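These notes concern the structure reproduced below.
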Amino acid sequence: MIKETILVLDFGGQYNQLIARRVRECNVYAEVKPYTMSLEEIKAMAPKGIIFTGGPNSVYDKKSPHYDKAIFELGIPILGICYGSQLMAYELGGEVATAPVSEYGHTEVTVDNSSVIFKNVSKVTTCWMSHTDYIAKAPEGFRITATTPVCPVAAMENAEKKLYATQFHPEVMHTKQGHEILHDFVYNVCGCKGDWKMDDFVKTSIEALREKIGTGKVLCALSGGVDSSVAAVLLSKAIGKQLTCVFVDHGLLRKNEGDEVEAVFGPKGNYELNFIRVNAADRFYAKLAGKTEPEEKRKIIGEEFIRIFEEEAKKIGAVDFLVQGTIYPDVIESGLGKSAVIKSHHNVGGLPSVVDFKEIIEPLRMLFKDEVRKAGLELGIPHNLVFRQPFPGPGLGVRIVGEVTADKVRIVQDADAIYREELARAGVDASLGQYFAALTNMRSVGVMGDFRTYDYAVALRAVLTSDFMTAEAAEIPWPVLSKVTNRIVNEVKGVNRVMYDCTSKPPSTIEFE
Ligand code: XMP
(Lines give C-alpha, C1' and ligand atoms only; values in the text may rest on other atoms or scores of the structure.)
Protein backbone atom coordinates (compact mmCIF):
# COMPACT_ATOMS: atom_id res chain seq x y z
CA MET A 1 0.00 0.00 0.00
CA ILE A 2 1.17 3.54 0.70
CA LYS A 3 4.84 3.72 1.47
CA GLU A 4 5.61 7.43 1.54
CA THR A 5 3.48 9.92 3.42
CA ILE A 6 3.74 13.64 3.91
CA LEU A 7 1.92 14.74 7.04
CA VAL A 8 0.09 18.06 6.75
CA LEU A 9 -0.28 19.24 10.32
CA ASP A 10 -3.26 21.55 10.45
CA PHE A 11 -3.04 24.66 12.61
CA GLY A 12 -6.43 25.93 11.49
CA GLY A 13 -5.43 27.20 8.06
CA GLN A 14 -8.03 27.47 5.34
CA TYR A 15 -5.70 25.90 2.78
CA ASN A 16 -4.96 22.64 4.63
CA GLN A 17 -6.60 20.51 1.94
CA LEU A 18 -4.95 22.41 -0.86
CA ILE A 19 -1.53 21.66 0.57
CA ALA A 20 -2.34 17.94 0.60
CA ARG A 21 -3.72 18.06 -2.93
CA ARG A 22 -0.68 19.88 -4.28
CA VAL A 23 1.63 17.33 -2.67
CA ARG A 24 -0.41 14.49 -4.15
CA GLU A 25 -0.16 16.15 -7.55
CA CYS A 26 3.56 15.44 -7.15
CA ASN A 27 2.63 11.72 -6.82
CA VAL A 28 3.34 11.71 -3.11
CA TYR A 29 0.60 10.74 -0.67
CA ALA A 30 -0.31 13.45 1.87
CA GLU A 31 -2.66 13.34 4.80
CA VAL A 32 -4.15 16.20 6.82
CA LYS A 33 -4.17 15.75 10.61
CA PRO A 34 -5.03 18.20 13.38
CA TYR A 35 -2.16 19.74 15.33
CA THR A 36 -3.53 17.88 18.37
CA MET A 37 -1.98 14.70 16.95
CA SER A 38 0.56 13.51 19.48
CA LEU A 39 4.27 13.19 18.93
CA GLU A 40 3.95 9.45 19.52
CA GLU A 41 1.33 9.20 16.77
CA ILE A 42 3.60 11.12 14.42
CA LYS A 43 6.48 8.78 15.17
CA ALA A 44 4.24 5.78 14.54
CA MET A 45 3.12 7.26 11.21
CA ALA A 46 6.76 7.87 10.25
CA PRO A 47 6.06 10.47 7.59
CA LYS A 48 8.77 11.34 5.09
CA GLY A 49 8.11 15.00 5.82
CA ILE A 50 5.79 17.31 7.71
CA ILE A 51 4.15 20.52 6.51
CA PHE A 52 2.79 22.97 9.06
CA THR A 53 -0.22 24.81 7.64
CA GLY A 54 -1.09 28.45 8.11
CA GLY A 55 -3.65 29.57 10.63
CA PRO A 56 -5.47 32.67 11.80
CA ASN A 57 -3.69 33.07 15.15
CA SER A 58 -0.65 34.85 16.59
CA VAL A 59 2.10 32.61 17.92
CA TYR A 60 2.74 34.85 20.93
CA ASP A 61 -0.87 34.40 22.06
CA LYS A 62 -0.69 31.62 24.66
CA LYS A 63 -4.06 30.22 23.54
CA SER A 64 -2.93 29.76 19.94
CA PRO A 65 -2.11 26.26 18.72
CA HIS A 66 1.46 25.29 19.48
CA TYR A 67 3.35 22.03 19.19
CA ASP A 68 5.86 20.23 21.35
CA LYS A 69 9.32 21.55 20.40
CA ALA A 70 10.56 17.97 20.29
CA ILE A 71 9.00 17.71 16.83
CA PHE A 72 11.97 19.70 15.47
CA GLU A 73 14.35 17.07 16.81
CA LEU A 74 12.74 14.05 15.14
CA GLY A 75 15.00 14.40 12.12
CA ILE A 76 11.91 14.52 9.88
CA PRO A 77 12.02 17.40 7.36
CA ILE A 78 9.52 20.15 8.15
CA LEU A 79 8.16 22.94 5.97
CA GLY A 80 6.29 25.66 7.86
CA ILE A 81 3.89 27.78 5.86
CA CYS A 82 2.62 31.21 7.03
CA TYR A 83 1.54 30.63 10.66
CA GLY A 84 3.52 27.40 10.48
CA SER A 85 6.65 29.36 9.54
CA GLN A 86 6.13 31.80 12.41
CA LEU A 87 5.59 28.92 14.80
CA MET A 88 8.90 27.39 13.74
CA ALA A 89 10.70 30.71 14.21
CA TYR A 90 9.08 31.40 17.56
CA GLU A 91 9.65 27.95 19.04
CA LEU A 92 13.28 27.89 17.96
CA GLY A 93 14.19 31.27 19.44
CA GLY A 94 13.54 33.68 16.57
CA GLU A 95 11.33 36.74 16.80
CA VAL A 96 7.78 37.10 15.53
CA ALA A 97 6.12 40.51 15.53
CA THR A 98 3.22 42.38 14.02
CA ALA A 99 4.33 43.51 10.56
CA PRO A 100 4.38 47.29 10.04
CA VAL A 101 2.12 46.71 7.03
CA SER A 102 0.00 43.58 6.47
CA GLU A 103 0.74 41.88 3.18
CA TYR A 104 -2.25 40.41 1.41
CA GLY A 105 -2.44 39.11 -2.13
CA HIS A 106 0.06 38.86 -5.00
CA THR A 107 3.49 39.84 -3.75
CA GLU A 108 6.88 39.93 -5.47
CA VAL A 109 9.34 37.83 -3.52
CA THR A 110 13.09 37.77 -4.11
CA VAL A 111 14.51 34.32 -3.45
CA ASP A 112 17.95 32.84 -2.97
CA ASN A 113 18.26 30.17 -5.66
CA SER A 114 20.91 28.28 -3.71
CA SER A 115 18.12 26.95 -1.47
CA VAL A 116 17.06 23.42 -2.47
CA ILE A 117 13.40 24.46 -2.45
CA PHE A 118 14.00 27.53 -4.64
CA LYS A 119 16.38 26.07 -7.16
CA ASN A 120 13.70 25.88 -9.84
CA VAL A 121 12.14 29.24 -9.04
CA SER A 122 12.83 32.61 -10.71
CA LYS A 123 14.96 35.04 -8.71
CA VAL A 124 11.93 37.32 -8.38
CA THR A 125 8.68 35.44 -8.29
CA THR A 126 5.04 36.21 -7.55
CA CYS A 127 3.73 34.61 -4.37
CA TRP A 128 0.51 34.75 -2.40
CA MET A 129 0.81 36.44 0.98
CA SER A 130 -1.81 36.72 3.68
CA HIS A 131 -0.40 37.83 7.02
CA THR A 132 -0.34 40.50 9.69
CA ASP A 133 2.46 38.96 11.79
CA TYR A 134 5.86 38.19 10.35
CA ILE A 135 9.19 36.71 11.32
CA ALA A 136 11.23 39.73 12.42
CA LYS A 137 14.36 37.70 13.16
CA ALA A 138 15.23 34.16 12.12
CA PRO A 139 16.37 31.77 14.87
CA GLU A 140 20.01 30.93 15.27
CA GLY A 141 21.25 28.38 12.76
CA PHE A 142 18.76 29.57 10.12
CA ARG A 143 19.58 31.55 7.02
CA ILE A 144 17.17 33.86 5.23
CA THR A 145 16.31 32.59 1.75
CA ALA A 146 13.64 35.05 0.58
CA THR A 147 12.58 38.61 1.28
CA THR A 148 10.03 41.20 0.23
CA PRO A 149 10.23 44.97 0.84
CA VAL A 150 7.95 44.40 3.88
CA CYS A 151 9.12 40.99 5.02
CA PRO A 152 12.73 40.61 6.17
CA VAL A 153 12.24 36.82 6.40
CA ALA A 154 9.85 35.73 3.64
CA ALA A 155 11.56 32.33 3.80
CA MET A 156 14.24 30.79 5.99
CA GLU A 157 15.91 27.44 6.40
CA ASN A 158 18.21 25.34 8.48
CA ALA A 159 19.21 22.86 5.78
CA GLU A 160 21.28 20.77 8.16
CA LYS A 161 18.24 20.10 10.34
CA LYS A 162 15.97 19.97 7.27
CA LEU A 163 13.76 22.76 8.58
CA TYR A 164 12.24 25.12 5.99
CA ALA A 165 9.74 27.92 6.25
CA THR A 166 7.89 30.26 3.90
CA GLN A 167 5.77 33.21 4.94
CA PHE A 168 3.90 32.95 1.63
CA HIS A 169 1.62 30.14 0.50
CA PRO A 170 3.24 27.84 -2.10
CA GLU A 171 0.03 25.73 -2.25
CA VAL A 172 -2.14 28.52 -3.64
CA MET A 173 -2.41 28.80 -7.43
CA HIS A 174 -1.54 32.52 -7.26
CA THR A 175 1.97 31.53 -6.16
CA LYS A 176 3.25 31.07 -9.69
CA GLN A 177 5.99 28.58 -8.92
CA GLY A 178 4.44 27.01 -5.84
CA HIS A 179 4.40 23.61 -7.49
CA GLU A 180 8.16 23.68 -7.99
CA ILE A 181 8.71 24.66 -4.35
CA LEU A 182 6.55 21.85 -2.96
CA HIS A 183 7.94 19.39 -5.49
CA ASP A 184 11.51 20.16 -4.50
CA PHE A 185 10.64 19.97 -0.81
CA VAL A 186 9.05 16.52 -1.05
CA TYR A 187 11.60 15.05 -3.49
CA ASN A 188 14.85 16.79 -2.68
CA VAL A 189 14.47 17.48 1.03
CA CYS A 190 12.19 14.63 2.13
CA GLY A 191 13.66 12.16 -0.36
CA CYS A 192 10.31 10.92 -1.69
CA LYS A 193 10.34 8.81 -4.84
CA GLY A 194 6.72 9.38 -5.87
CA ASP A 195 4.80 6.15 -5.24
CA TRP A 196 1.26 7.61 -5.19
CA LYS A 197 -0.24 6.60 -8.54
CA MET A 198 -3.85 5.89 -9.41
CA ASP A 199 -3.23 2.58 -11.20
CA ASP A 200 -1.56 1.33 -8.04
CA PHE A 201 -4.39 2.69 -5.93
CA VAL A 202 -6.98 0.83 -8.00
CA LYS A 203 -5.04 -2.41 -7.99
CA THR A 204 -4.20 -2.39 -4.30
CA SER A 205 -7.71 -1.25 -3.34
CA ILE A 206 -9.27 -4.14 -5.24
CA GLU A 207 -6.93 -6.59 -3.52
CA ALA A 208 -7.51 -5.04 -0.09
CA LEU A 209 -11.29 -5.04 -0.59
CA ARG A 210 -11.27 -8.72 -1.60
CA GLU A 211 -9.26 -9.61 1.46
CA LYS A 212 -11.37 -7.56 3.83
CA ILE A 213 -14.76 -8.68 2.48
CA GLY A 214 -14.01 -12.34 1.89
CA THR A 215 -17.31 -14.02 1.08
CA GLY A 216 -19.35 -11.28 2.81
CA LYS A 217 -22.31 -9.51 1.31
CA VAL A 218 -21.94 -5.85 0.51
CA LEU A 219 -24.51 -3.16 0.05
CA CYS A 220 -23.55 -0.04 -1.84
CA ALA A 221 -25.28 3.31 -1.68
CA LEU A 222 -25.35 4.34 -5.32
CA SER A 223 -26.40 7.87 -6.25
CA GLY A 224 -25.18 7.92 -9.84
CA GLY A 225 -22.74 10.70 -8.99
CA VAL A 226 -19.04 10.34 -9.73
CA ASP A 227 -18.05 9.29 -6.22
CA SER A 228 -20.55 6.55 -5.58
CA SER A 229 -20.26 5.30 -9.17
CA VAL A 230 -16.49 4.90 -8.86
CA ALA A 231 -16.94 3.22 -5.47
CA ALA A 232 -19.54 0.83 -6.93
CA VAL A 233 -17.43 -0.12 -9.93
CA LEU A 234 -14.38 -0.62 -7.72
CA LEU A 235 -16.43 -2.96 -5.54
CA SER A 236 -17.99 -4.76 -8.48
CA LYS A 237 -14.51 -5.45 -9.90
CA ALA A 238 -13.39 -6.70 -6.49
CA ILE A 239 -16.29 -8.93 -5.49
CA GLY A 240 -18.75 -9.10 -8.44
CA LYS A 241 -22.20 -10.32 -7.49
CA GLN A 242 -21.55 -10.24 -3.75
CA LEU A 243 -22.31 -6.57 -4.27
CA THR A 244 -25.81 -5.18 -4.30
CA CYS A 245 -26.23 -1.54 -5.23
CA VAL A 246 -29.22 0.24 -3.84
CA PHE A 247 -30.16 3.39 -5.62
CA VAL A 248 -32.47 5.52 -3.53
CA ASP A 249 -34.41 7.93 -5.65
CA HIS A 250 -35.16 10.49 -2.93
CA GLY A 251 -37.17 12.66 -5.27
CA LEU A 252 -34.46 15.31 -5.00
CA LEU A 253 -32.57 14.35 -8.14
CA ARG A 254 -32.22 16.36 -11.33
CA LYS A 255 -34.88 15.91 -13.98
CA ASN A 256 -34.92 12.34 -15.39
CA GLU A 257 -31.80 11.46 -13.46
CA GLY A 258 -33.31 8.42 -11.77
CA ASP A 259 -33.94 6.76 -15.13
CA GLU A 260 -30.49 7.69 -16.38
CA VAL A 261 -28.83 6.04 -13.41
CA GLU A 262 -30.91 2.92 -13.90
CA ALA A 263 -29.93 2.81 -17.57
CA VAL A 264 -26.21 2.68 -16.68
CA PHE A 265 -26.20 0.46 -13.59
CA GLY A 266 -29.47 -1.45 -13.92
CA PRO A 267 -29.98 -4.90 -15.51
CA LYS A 268 -29.67 -3.46 -19.01
CA GLY A 269 -26.55 -1.51 -18.06
CA ASN A 270 -22.80 -2.02 -18.23
CA TYR A 271 -21.88 -3.68 -14.95
CA GLU A 272 -22.02 -7.01 -13.15
CA LEU A 273 -23.88 -6.16 -9.98
CA ASN A 274 -27.27 -6.52 -8.34
CA PHE A 275 -29.20 -3.28 -8.75
CA ILE A 276 -32.19 -2.22 -6.67
CA ARG A 277 -33.99 1.06 -7.22
CA VAL A 278 -36.10 2.40 -4.35
CA ASN A 279 -38.53 5.15 -5.25
CA ALA A 280 -38.83 6.98 -1.95
CA ALA A 281 -39.73 10.55 -2.89
CA ASP A 282 -42.89 10.64 -0.80
CA ARG A 283 -41.08 9.44 2.27
CA PHE A 284 -38.46 12.16 1.99
CA TYR A 285 -41.01 14.90 1.27
CA ALA A 286 -43.05 13.83 4.30
CA LYS A 287 -39.98 13.99 6.57
CA LEU A 288 -38.97 17.36 5.17
CA ALA A 289 -42.41 18.95 5.50
CA GLY A 290 -42.22 22.12 7.55
CA LYS A 291 -38.41 21.91 7.92
CA THR A 292 -36.49 25.00 6.91
CA GLU A 293 -33.18 24.93 8.75
CA PRO A 294 -30.42 23.83 6.34
CA GLU A 295 -28.47 21.65 8.75
CA GLU A 296 -31.67 19.99 9.96
CA LYS A 297 -32.71 19.29 6.37
CA ARG A 298 -29.30 17.79 5.60
CA LYS A 299 -29.46 15.57 8.66
CA ILE A 300 -33.00 14.41 7.85
CA ILE A 301 -32.07 13.48 4.29
CA GLY A 302 -28.89 11.71 5.39
CA GLU A 303 -30.67 9.79 8.10
CA GLU A 304 -33.59 8.73 5.91
CA PHE A 305 -31.07 7.40 3.41
CA ILE A 306 -29.52 5.18 6.02
CA ARG A 307 -32.92 3.98 7.24
CA ILE A 308 -33.82 2.92 3.73
CA PHE A 309 -30.55 1.06 3.34
CA GLU A 310 -31.18 -0.71 6.59
CA GLU A 311 -34.58 -1.80 5.35
CA GLU A 312 -33.16 -3.00 2.03
CA ALA A 313 -30.36 -4.78 3.83
CA LYS A 314 -32.88 -6.63 5.95
CA LYS A 315 -34.76 -7.72 2.84
CA ILE A 316 -31.57 -8.98 1.27
CA GLY A 317 -30.57 -10.62 4.56
CA ALA A 318 -27.25 -10.79 6.38
CA VAL A 319 -25.42 -7.86 4.88
CA ASP A 320 -21.98 -7.39 6.30
CA PHE A 321 -20.76 -4.14 4.83
CA LEU A 322 -22.19 -0.85 3.68
CA VAL A 323 -20.19 1.01 1.03
CA GLN A 324 -20.27 4.75 0.69
CA GLY A 325 -18.63 7.09 -1.79
CA THR A 326 -17.35 9.53 0.81
CA ILE A 327 -14.28 11.42 -0.37
CA TYR A 328 -11.52 13.23 1.49
CA PRO A 329 -12.84 16.81 1.34
CA ASP A 330 -16.12 15.56 2.86
CA VAL A 331 -14.17 14.03 5.69
CA ILE A 332 -12.19 17.18 6.38
CA GLU A 333 -15.03 19.67 5.82
CA SER A 334 -17.38 17.78 8.11
CA GLY A 335 -15.18 18.67 11.03
CA LEU A 336 -13.60 15.28 11.51
CA GLY A 337 -10.39 17.12 10.83
CA LYS A 338 -9.90 20.42 12.59
CA SER A 339 -11.39 23.06 10.26
CA ALA A 340 -14.68 24.72 11.21
CA VAL A 341 -17.86 22.85 10.26
CA ILE A 342 -19.45 24.76 7.40
CA LYS A 343 -21.96 22.09 6.33
CA SER A 344 -22.40 18.57 7.61
CA HIS A 345 -21.90 16.54 4.52
CA HIS A 346 -24.18 13.84 3.42
CA ASN A 347 -22.74 10.41 4.23
CA VAL A 348 -20.37 11.76 6.87
CA GLY A 349 -21.74 14.24 9.41
CA GLY A 350 -25.28 13.10 8.60
CA LEU A 351 -24.67 9.50 9.69
CA PRO A 352 -26.88 8.43 12.56
CA SER A 353 -25.05 6.79 15.42
CA VAL A 354 -26.81 3.43 15.11
CA VAL A 355 -26.29 1.65 11.83
CA ASP A 356 -27.33 -1.95 11.29
CA PHE A 357 -24.21 -3.14 9.51
CA LYS A 358 -21.04 -4.77 10.66
CA GLU A 359 -18.93 -2.08 9.10
CA ILE A 360 -18.97 0.85 6.72
CA ILE A 361 -16.49 0.73 3.85
CA GLU A 362 -15.46 4.00 2.26
CA PRO A 363 -12.93 3.05 -0.43
CA LEU A 364 -12.50 6.63 -1.67
CA ARG A 365 -12.27 8.21 1.75
CA MET A 366 -8.70 9.33 1.23
CA LEU A 367 -9.10 10.63 -2.33
CA PHE A 368 -9.61 14.12 -3.64
CA LYS A 369 -12.12 14.62 -6.43
CA ASP A 370 -9.57 14.76 -9.24
CA GLU A 371 -8.08 11.52 -7.92
CA VAL A 372 -11.52 9.88 -7.86
CA ARG A 373 -11.89 10.82 -11.53
CA LYS A 374 -8.49 9.37 -12.37
CA ALA A 375 -9.47 6.18 -10.55
CA GLY A 376 -12.75 6.15 -12.53
CA LEU A 377 -10.90 6.34 -15.84
CA GLU A 378 -8.50 3.64 -14.65
CA LEU A 379 -11.56 1.46 -13.98
CA GLY A 380 -12.88 2.06 -17.49
CA ILE A 381 -15.96 4.06 -16.46
CA PRO A 382 -17.30 6.11 -19.39
CA HIS A 383 -15.80 9.59 -19.72
CA ASN A 384 -19.13 11.44 -19.51
CA LEU A 385 -19.93 9.77 -16.19
CA VAL A 386 -16.47 10.35 -14.77
CA PHE A 387 -16.57 14.05 -15.66
CA ARG A 388 -20.13 14.62 -14.62
CA GLN A 389 -20.45 17.79 -12.57
CA PRO A 390 -20.76 17.16 -8.86
CA PHE A 391 -24.18 16.86 -7.33
CA PRO A 392 -24.62 17.08 -3.55
CA GLY A 393 -25.84 14.04 -1.65
CA PRO A 394 -28.90 15.87 -0.28
CA GLY A 395 -29.66 16.83 -3.88
CA LEU A 396 -32.20 19.51 -4.61
CA GLY A 397 -32.93 19.55 -0.88
CA VAL A 398 -30.05 22.03 -0.54
CA ARG A 399 -30.99 23.90 -3.72
CA ILE A 400 -34.46 24.71 -2.50
CA VAL A 401 -34.11 27.38 0.14
CA GLY A 402 -36.52 26.76 3.00
CA GLU A 403 -39.20 24.10 3.02
CA VAL A 404 -39.07 21.38 0.36
CA THR A 405 -42.33 20.45 -1.38
CA ALA A 406 -43.07 18.30 -4.43
CA ASP A 407 -44.12 21.40 -6.34
CA LYS A 408 -40.88 23.25 -5.54
CA VAL A 409 -38.92 20.20 -6.64
CA ARG A 410 -40.78 20.24 -9.96
CA ILE A 411 -39.98 23.95 -10.42
CA VAL A 412 -36.29 23.61 -9.72
CA GLN A 413 -35.97 20.43 -11.83
CA ASP A 414 -37.61 22.08 -14.85
CA ALA A 415 -35.66 25.33 -14.50
CA ASP A 416 -32.40 23.44 -14.07
CA ALA A 417 -33.06 21.24 -17.11
CA ILE A 418 -33.60 24.33 -19.26
CA TYR A 419 -30.47 25.99 -17.89
CA ARG A 420 -28.32 22.92 -18.53
CA GLU A 421 -29.75 22.43 -21.99
CA GLU A 422 -29.04 26.02 -23.02
CA LEU A 423 -25.52 26.07 -21.55
CA ALA A 424 -24.73 22.90 -23.47
CA ARG A 425 -26.27 24.28 -26.66
CA ALA A 426 -24.17 27.44 -26.32
CA GLY A 427 -21.06 25.30 -25.73
CA VAL A 428 -20.14 26.98 -22.44
CA ASP A 429 -20.86 24.04 -20.13
CA ALA A 430 -17.47 22.35 -20.44
CA SER A 431 -15.61 25.36 -19.06
CA LEU A 432 -17.70 25.51 -15.88
CA GLY A 433 -16.93 23.77 -12.61
CA GLN A 434 -20.54 23.52 -11.55
CA TYR A 435 -23.79 25.09 -12.69
CA PHE A 436 -27.39 24.68 -11.63
CA ALA A 437 -30.66 26.38 -10.91
CA ALA A 438 -31.80 26.85 -7.32
CA LEU A 439 -35.10 27.97 -5.94
CA THR A 440 -35.00 30.98 -3.66
CA ASN A 441 -37.67 31.09 -1.05
CA MET A 442 -38.70 34.47 -2.34
CA ARG A 443 -41.96 35.21 -4.06
CA SER A 444 -42.49 38.53 -5.72
CA VAL A 445 -45.00 40.34 -7.87
CA GLY A 446 -44.94 40.12 -11.63
CA VAL A 447 -47.27 40.59 -14.53
CA MET A 448 -48.18 37.94 -17.07
CA GLY A 449 -50.49 39.07 -19.87
CA ASP A 450 -52.97 41.26 -18.07
CA PHE A 451 -52.69 39.44 -14.78
CA ARG A 452 -50.78 40.02 -11.61
CA THR A 453 -48.59 37.08 -10.57
CA TYR A 454 -47.07 36.34 -7.19
CA ASP A 455 -44.51 33.65 -7.90
CA TYR A 456 -41.06 32.33 -7.06
CA ALA A 457 -37.67 33.63 -8.11
CA VAL A 458 -35.23 31.10 -9.54
CA ALA A 459 -31.52 31.73 -9.02
CA LEU A 460 -29.00 30.57 -11.60
CA ARG A 461 -25.52 29.67 -10.41
CA ALA A 462 -22.40 28.86 -12.43
CA VAL A 463 -18.95 28.75 -10.93
CA LEU A 464 -15.38 28.30 -12.05
CA THR A 465 -13.44 26.13 -9.67
CA SER A 466 -10.88 23.39 -9.72
CA ASP A 467 -11.08 22.37 -6.08
CA PHE A 468 -14.64 23.30 -4.97
CA MET A 469 -13.17 24.87 -1.86
CA THR A 470 -12.90 28.24 -3.54
CA ALA A 471 -14.90 29.32 -6.58
CA GLU A 472 -15.59 32.34 -8.73
CA ALA A 473 -18.90 33.20 -10.34
CA ALA A 474 -18.61 32.48 -14.07
CA GLU A 475 -19.38 35.10 -16.69
CA ILE A 476 -22.14 33.55 -18.75
CA PRO A 477 -22.73 35.40 -22.03
CA TRP A 478 -25.72 37.69 -21.68
CA PRO A 479 -27.62 36.28 -24.69
CA VAL A 480 -27.46 32.83 -23.08
CA LEU A 481 -28.72 34.10 -19.73
CA SER A 482 -31.43 36.06 -21.48
CA LYS A 483 -32.61 33.02 -23.41
CA VAL A 484 -32.59 30.83 -20.29
CA THR A 485 -34.56 33.48 -18.40
CA ASN A 486 -37.20 33.74 -21.10
CA ARG A 487 -37.58 30.03 -21.33
CA ILE A 488 -37.85 29.54 -17.57
CA VAL A 489 -40.50 32.21 -17.00
CA ASN A 490 -42.45 30.98 -20.03
CA GLU A 491 -42.13 27.24 -19.55
CA VAL A 492 -41.94 26.71 -15.78
CA LYS A 493 -45.19 27.33 -13.99
CA GLY A 494 -44.77 29.16 -10.69
CA VAL A 495 -41.73 31.29 -11.65
CA ASN A 496 -41.90 34.97 -12.61
CA ARG A 497 -38.34 36.12 -11.91
CA VAL A 498 -34.84 34.78 -12.64
CA MET A 499 -31.67 35.99 -10.97
CA TYR A 500 -27.99 35.27 -11.48
CA ASP A 501 -25.79 34.60 -8.44
CA CYS A 502 -22.62 36.69 -8.78
CA THR A 503 -20.97 35.71 -5.49
CA SER A 504 -17.72 33.85 -5.18
CA LYS A 505 -16.82 31.25 -2.55
CA PRO A 506 -15.85 32.54 -0.04
CA PRO A 507 -17.82 34.41 1.18
CA SER A 508 -20.68 32.37 -0.32
CA THR A 509 -20.73 28.63 -0.72
CA ILE A 510 -21.47 26.87 -4.00
CA GLU A 511 -24.73 25.32 -2.87
CA PHE A 512 -27.38 27.53 -1.30
CA GLU A 513 -27.73 25.51 1.89
P1 XMP B 1 -20.36 24.11 -0.96
O2 XMP B 1 -21.81 24.40 -1.05
O3 XMP B 1 -19.95 23.65 0.41
O4 XMP B 1 -20.12 22.89 -1.93
O5 XMP B 1 -19.52 25.24 -1.46
C6 XMP B 1 -18.85 22.43 -2.32
C7 XMP B 1 -19.04 21.23 -3.20
O8 XMP B 1 -19.58 20.15 -2.44
C9 XMP B 1 -20.81 19.71 -2.98
N10 XMP B 1 -21.66 19.35 -1.85
C11 XMP B 1 -21.87 18.09 -1.43
N12 XMP B 1 -21.44 16.91 -1.91
N13 XMP B 1 -22.59 15.76 -0.20
C14 XMP B 1 -21.82 15.76 -1.30
O15 XMP B 1 -21.45 14.67 -1.73
C16 XMP B 1 -23.07 16.90 0.34
O17 XMP B 1 -23.77 16.89 1.35
C18 XMP B 1 -22.69 18.12 -0.31
N19 XMP B 1 -22.96 19.43 -0.07
C20 XMP B 1 -22.31 20.16 -1.02
C21 XMP B 1 -21.32 20.88 -3.77
O22 XMP B 1 -22.22 20.48 -4.80
C23 XMP B 1 -20.04 21.46 -4.32
O24 XMP B 1 -19.59 20.75 -5.43
Side-chain angles (χ1 to χ4, degrees), residues 14 17-18 21 220-232 247-248 250 252-254 257 261 284 288 293-306 323-337 339-352 360 362-365 367-373 376 387-401 404 412 416 419-420 429 432-438 459-474 501-513:
Q14 52 177 326
Q17 292 188 42
L18 268 188
R21 277 191 63 227
C220 177
L222 182 66
S223 72
V226 183
D227 306 340
S228 66
S229 300
V230 172
F247 166 53
V248 176
H250 52 17
L252 300 166
L253 296 168
R254 286 168 286 208
E257 198 163 37
V261 172
F284 281 88
L288 288 167
E293 207 283 310
E295 278 298 288
E296 192 185 3
K297 286 166 63 183
R298 280 177 170 270
K299 295 248 159 75
I300 289 171
I301 298 168
E303 183 151 343
E304 200 55 17
F305 241 95
I306 298 294
V323 177
Q324 292 186 326
T326 315
I327 68 171
Y328 202 37
D330 303 338
V331 175
I332 300 178
E333 282 198 15
S334 289
L336 304 184
S339 333
V341 178
I342 309 294
K343 298 175 181 183
S344 53
H345 268 221
H346 191 60
N347 292 350
V348 185
L351 266 181
I360 289 181
E362 295 171 313
L364 312 177
R365 194 180 167 80
L367 298 192
F368 287 108
K369 195 82 179 185
D370 45 347
E371 295 173 322
V372 173
R373 293 206 161 104
F387 287 94
R388 193 171 195 174
Q389 60 163 327
F391 188 65
L396 301 181
V398 294
R399 292 183 181 172
I400 294 171
V401 177
V404 173
V412 79
D416 183 67
Y419 187 38
R420 284 190 288 135
D429 56 339
L432 303 171
Q434 201 169 359
Y435 51 96
F436 55 85
L460 302 178
R461 184 105 168 106
V463 294
L464 303 176
T465 177
S466 57
D467 52 40
F468 298 91
M469 288 178 282
T470 57
E472 281 172 57
D501 183 348
C502 303
T503 24
S504 59
K505 172 186 179 178
S508 233
T509 52
I510 295 175
E511 302 293 346
F512 279 50
E513 289 194 337

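All of these numbers come straight from a predicted model, not from anything done at the bench. Just follow the structure's listing: the first ligand is 1, and inside any ligand the first atom is 1.
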Self-check item: Lys/Arg N to Asp/Glu carboxylate O, D416 vs R254, below 4.0 Å
Solution: no
Quiz item: Is any side-chain N of the basic residue among R388 and E257 closer than 4.0 Å to the acidic one's carboxylate O?
Solution: yes
Self-check item: Main-chain N/O of V398 paired to R298 side chain as donor or acceptor, under 3.5 Å
Solution: no
Exercise. Mark yes or no for whether Y435, through its side chain, and L460, through its backbone, hold a donor-acceptor pair below 3.5 Å.
Key: no
Is there a polar contact, in the sense of an N or O pair closer than 3.5 Å, between [X] and ligand 1?
X	result
R298	yes
G393	yes
K505	yes
I510	yes

Exercise. Mind running side chain to side chain contact (heavy atoms under 4.5 Å, CB included) on Q17 and F368 for me, showing each step along the way?
Key: CA-CA 9 Å; Q17 292 188 42; F368 287 108; 3.7 Å; yes
Quiz item: Testing R461, E511, Q389 for side chain to side chain donor-acceptor pair (under 3.5 Å) with Q434, which one passes?
Solution: E511
Quiz item: Which is it for Q434 and ligand 1 at heavy atoms under 4.0 Å: side chain, backbone, both or neither?
Solution: side chain
Quiz item: Does M469 have a non-hydrogen atom less than 4.0 Å from ligand 1?
Solution: no
Quiz item: What atoms of ligand 1 come within less than 4.0 Å of a heavy atom belonging to P390?
Solution: 24 (O)
Practice problem: With heavy atoms of T509 as the reference, note each atom of ligand 1 found under 4.0 Å away. | Solution: 1 (P), 2 (O), 5 (O)
